[in-house]
Amino acid sequence: YLFVVINFPAHASNKSLELATERGCLTCHFVKHDLAKKIKLAPSYEEIAARYNDNKDAVEYLTNRIIDGTVTGKQNWKGEVNMRFMPPNVNVSRIEANQITNWILNIEENQISPEVVKHERMLALAITSGCTTCHAINKNPDRRYVPLAPAYREIAEKFASQKGARSTLIDSVMHGTFNKEKNWKNVNMRFMPPSPALSKENAGKLVDWILSLESN
């Protein structure tokens, strides 16, 4: 296999963070060590980078561990994390695993930009609020694919320049869109259900973040 080492600027870091999110990696991993809970499920990406970035075989080794999992391999974080092993990631291609690995290994301890930290926090909020059950961050390029709901970047592109977009979207997030005009003809859901567990403050944070996203 060909394993490539890449240096990532900030916007590319966010793209890799989004890929990791869409593949479920942030369910267990955090990017920055001090954002992790006291009893963390898995090592932070900052910790992984510190442990492996001087290893010449790290890209191949970590790429294989992402794809195959660690149930039959050496448990390198035994006693430091709450999960006994990482399950295989059958939804991650080798190219994607290679991209995620390269991004992780380029993370420098205590040098993670505020932009990346904010991006992670908003992605985590979207995940824990159930938003990513229906919404993706990026539009699927396959025209045969019909998504449940519009991607966040599509929403940003459609509403960013509209007057009153923030209040409209906060209301839609909190109360749903059952009695509202249907804006998205190319999605599978007829309307968005309300999100009663999401506070207005957090709905506002999510909407502000979505509107700040650049189109693909």
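Numbering of residues begins at 1 and proceeds along the displayed sequence. No hydrogens, no waters, no symmetry mates; every other heavy atom, side chains included, goes into these values.
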Does any non-hydrogen side-chain atom of Lys180 lie less than 4.5 Å from one of Asp171? yes
Any salt bridge linking Arg51 with Glu46? Criterion: basic side-chain nitrogen under 4.0 Å from a carboxylate oxygen. no
Do Lys182 and Phe191 come close enough that some side-chain heavy atom pair is under 4.5 Å? no
Identify the heavy atoms of Leu125 and Ser129 that sit nearest to each other, and give their distance. O-OG, 2.7 Å
How about CG on Leu148, more than 12 heavy atoms from neighbouring residues, nucleotides or ligands closer than 6.0 Å, or not? yes
Rounded distance [0.5 Å steps], CG in Leu123 versus CD in Glu22: 9.0 Å
In terms of heavy-atom contacts, Lys40 and Glu47 come closest through NZ-OE2, 2.6 Å
Evaluate the criterion side-chain contact (heavy atoms from CB on, under 4.5 Å) for residue pair Ser199 and Asn202; output intermediate values, then yes/no. CA-CA 5 Å; Ser199 69; Asn202 282 338; 3.5 Å; yes
Flag yes if Leu211 and Leu198 sit in one hydrophobic cluster, no otherwise; membership is Ile, Leu, Val, Met, Phe, Trp, Tyr, and two members link when side-chain heavy atoms are under 4.5 Å apart. yes
Walk me through it: do Leu213 and His119 pass the test side-chain contact (heavy atoms from CB on, under 4.5 Å)? CA-CA 10 Å; Leu213 296 174; His119 208 59; 3.6 Å; yes
I need the minimum non-hydrogen distance between Ile66 and Met86, along with the two atoms involved. CA-CE, 3.7 Å
Closest approach of Val81 to Pro43 (non-hydrogen atoms, all atoms of both residues): CG1-N, 3.5 Å
Are Lys158 and Trp184 side-chain neighbours, meaning at least one heavy-atom pair lies under 4.5 Å? yes
Any chain of hydrophobic side-chain contacts (each under 4.5 Å) joining Val59 to Ile67? no
Would you indicate whether the side-chain heavy atoms of Asn138 and Lys15 approach each other to under 4.5 Å? yes
Heavy-atom count around Lys200 NZ within 6.0 Å, excluding the residue itself: above 12? no
Indicate yes or no: at least one non-hydrogen side-chain atom of Trp77 is less than 4.5 angstrom from one of Thr70. no
Any side-chain donor-acceptor pair under 3.5 Å between Asn106 and Tyr45? no
Looking only at non-hydrogen atoms, find the nearest pair between Ala58 and Leu105 and report the distance. CB-CD1, 3.9 Å
Which atoms form the tightest heavy-atom contact between Ala149 and Val187, and what is the distance? C-CG1, 3.6 Å
Checking side-chain polar atoms at under 3.5 Å, does Tyr52 have a donor or acceptor matched by the opposite partner on Asp57? no
Any heavy-atom pair between the side chains of Asn98 and Glu60 that's under 4.5 Å? no
Less than 4.5 Å apart, any side-chain heavy atom of Lys139 and any of Arg153? no
